[in-house]
Amino acid sequence: KITLPKTLQYIESCAFHRLWGLEEIQIPDGVKAIGDLAFYECERIKDIAIPDQVKRIGERAFEGCRMLEHITIPAQVKTIGMSAFEGCRMLEHVTISEGVEKLGSRVFWNCSSLKSITIPTTVDRISPAAFFMCSQLEEVDLSEGVREIGQCAFEGCCLLASITIPRTVAEIGDYAFDRCRELKDVQIREGVTKIGDHAFQYCTALKYIEIPKTVESIGAYVFSDCQALVGLDIGGDVREFGGYLFNNCSALVDITVPETVEKIGDFAFRGCVSLKSITIPENVAEIGKGVFIGCGNLEEVCICGEVKKIEAIVFHDCVNLKTIKVLQSIPNRILGETFERHPGLVHLPDSDIKRFFGMTVDGHPTLACTLLFSVYPQIFYPQYMVHAMVASEDRTDTEAGGKVQERARREVQEVAGKEVRAVVRRETQEVAQKEVQIGTRGKIQYTVNQRLEGTIPEILNGVLDF
């Protein structure tokens with residue numbers, strides 16, 4: 001036990017630093033500030049009263065006071081320093097009075113017995129990692145006045161079941177509620193404009209969340225591994241879906257991508273095995289790598305806009321994918337790189353069909369599917385039942401014969417549903433550097449140096465009679 005003089009006004013830094021035998025101390029009413037590390041690792045103190053005149057609690061002032069059970073922060077205190085109560089593992093009850101303005105980062109880090117906290121209206125920011133790993137924290141009351149929830153603010157608060165983000169909050173920081181595994185009810189009021197990376201990652205009990213219309217930015221991994229998430233409503237002017245946004249959201253059934261979205265980041269829907277259909281709106285110009293990888297039950301995708309960039313393996317392991325509808329024109333290179341592994345799935349708009357059939361080889365009109373298939377051999381246009389094989393220029397007749405002929409026969413048979421015979425031969429005529437003959441039981445042949453006349457359906461009906 002230590003008795004301090006009543007005339008004392010300041011407790012200096014490290015004053016009782018690691019005084020492990022100290023069990024009881026009374027701070028005089030006249031004290032105005034408690035310095036940094038003042039009671040650092042005074043492990044046996046259970047109760048300490050902070051006088052009303054104190055205006056500042058220094059950094060790490062009570063860090064490691066493992067037996068401290070409750071604390072009241074009076075109204076005159078303006079600042080509670082960084083890590084002031086970090087590691088106070090027996091601290092169950094904390095009262096922060098109206099008037100306190102600043103909570104330092106890590107202020108209640110790993111206070112693993114803390115069960116509830118009320119943030120007064122005078123506090124405008126929950127600092128980074130303020131309540132990190134408060135594993136028994138069940139209730140948090142964020143008052144109007146808080147403008148920002150800092151990085152990792154409530155990360156690892158695994159018993160926290162509900163949270164309401166007040167309308168005064170503009171930004172939810174990275175990892176703010178990461179690993180809050182019992183978090184079921186999240187209410188985000190209008191006013192929030194940004195949700196940071198990993199903000200609700202591993203919130204495995206979260207089933208539904210509504211994003212207000214004021215939100216403009218949703219970061220990467222925000223809902224990653226939220227395995228109970230069934231659906232969400234996204235309002236506002238969100239322009240980008242961050243990478244891995246819904247990674248491994250295995251229960252996600254329904255998602256509406258807002259019309260304002262311009263980019264979908266890498267692996268955004270990776271492993272969403274319950275997702276069956278999705279519409280990518282008109283303003284999306286870029287689709288990242290592996291966006292739908294592992295979406296094993298995805299059946300239908302509709303791409304509404306003029307996508308200018310699609311990265312690799314977008315639909316890898318989408319084993320039940322049946323239809324990819326493309327409503328507007330997409331550059332040839334993107335078509336080849338993106339859809340070449342999905343034969344029979346791609347439905348293109350009429351504008352693209354007309355564009356392809358208007359193509360020429362060395363100035364000569366040609367059946368465009370011939371050229372397309374020579375470059376993108378797995379793309380198929382079921383609207384017109386068109387399929388072809390082209391022998392490359394450096395192959396001899398013998399080399400081109402067996403494998404190419406058999407492949408062509410098999411693929412055309414899948415299209416037509418009939419037994420067909422396809423013959424591929426190499427031509428050296430200058431006017432036709434690529435030549436294709438397609439036979440239906442040997443009755444019809446066609447070469448690319450033949451000039452085509454008439455409408456596209458008429459040409460196809462005349463040339464491909466099956």
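All values below were derived from every heavy atom in this structure, side-chain atoms included, with hydrogens, water molecules and symmetry-related copies excluded. Here the structure is a predicted model, which is why all the values come from computation and not from measurement.
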[X] vs [Y] side-chain heavy atoms within contact, under 4.5 Å:
X      : Y      : answer
Val94  : Phe85  : no
Ile25  : Phe39  : yes
Arg167 : Glu190 : no
Pro74  : Asp52  : yes
His198 : Asp174 : no
Leu19  : Ile2   : yes
Ile71  : Ile48  : yes

So, using salt bridge (charged side-chain N to carboxylate O under 4.0 Å, His left out) as the criterion, who are the partners of [X] when residues are at least two apart?
X      : result
Asp197 : none
Glu59  : none
Arg44  : Glu23
Glu300 : Lys325

Return the [atom1] to [atom2] distance between [X] and [Y], rounded to the nearest 0.5 Å.
X      : Y      : atom1 : atom2 : result
Asp178 : Cys157 : CG    : SG    : 10.5 Å
Ile45  : Glu43  : CD1   : CD    : 10.5 Å
Cys249 : Asp225 : SG    : CG    : 7.5 Å
Ile264 : Leu245 : CD1   : CG    : 9.5 Å

Under 3.5 Å: donor-acceptor pair, side chain of [X], backbone of [Y]:
X      : Y      : value
Thr79  : Arg56  : no
Ser13  : Leu37  : no
Thr95  : Thr72  : no
Thr122 : Gly99  : yes
Asn283 : Glu259 : yes
Asn297 : Val273 : yes
Asp266 : Lys289 : yes

(request) Could you walk me through whether Ile209 and Phe223 pass side chain to side chain contact (heavy atoms under 4.5 Å, CB included), step by step? (result) CA-CA 10 Å; Ile209 189 169; Phe223 300 105; 3.9 Å; yes
(message) As a quick check of understanding, evaluate side-chain hydrogen bond (donor to acceptor under 3.5 Å, both in side chains) for Ser224 and Asn247, giving each step before the final call.
(response) CA-CA 5 Å; Ser224 178; Asn247 176 54; 3.1 Å; yes
(message) Please determine whether a side-chain nitrogen of the Lys or Arg among Glu69 and Lys46 lies less than 4.0 Å from a carboxylate oxygen of the Asp or Glu.
(response) no
(message) I'd like to know if Lys213 and Asp233 make a salt bridge, using a cut-off of under 4.0 Å between side-chain N and carboxylate O.
(response) no
(message) Taking side-chain contact (heavy atoms from CB on, under 4.5 Å) as the criterion, tell me which of Cys272, Ser274, Cys226 meets it with Leu252.
(response) Cys272
(message) With side-chain contact (heavy atoms from CB on, under 4.5 Å) as the test, pick out the partner of Ile188 among Ile211, Ile163, Val169.
(response) Ile211
(request) Could you tell me how the ring of Phe241 sits relative to the ring of Phe269: parallel (under 30°), tilted (30 to 60°) or perpendicular (over 60°)? (result) tilted
Output side-chain donor-acceptor pairs under 3.5 Å for residues 128-150, partner residues at least two apart or in another chain, one line each.
| from | atom 1 | to | atom 2 | distance (Å) |
| --- | --- | --- | --- | --- |
| Ser143 | OG | Ile119 | O | 2.5 |
| Glu148 | OE1 | Arg125 | NE | 3.3 |

(request) Enumerate the residue pairs fulfilling salt bridge (charged side-chain N to carboxylate O under 4.0 Å, His left out) with a member in residues 101-118, sequence neighbours excluded, ordered by first and then second residue. (result) Glu86-Arg106
(request) Mind running side chain to side chain contact (heavy atoms under 4.5 Å, CB included) on Phe200 and Ile195 for me, showing each step along the way? (result) CA-CA 9 Å; Phe200 295 96; Ile195 301 176; 4.3 Å; yes
(message) Is there a side-chain hydrogen bond (donor to acceptor under 3.5 Å, both in side chains) between Glu98 and Thr121? Walk through the geometry before answering.
(response) CA-CA 7 Å; Glu98 287 284 340; Thr121 59; 2.8 Å; yes
(message) Taking atom CG as the centre, does Asp185 end up with more than 12 heavy-atom neighbours from other residues, nucleotides or ligands that are less than 6.0 angstrom away?
(response) yes
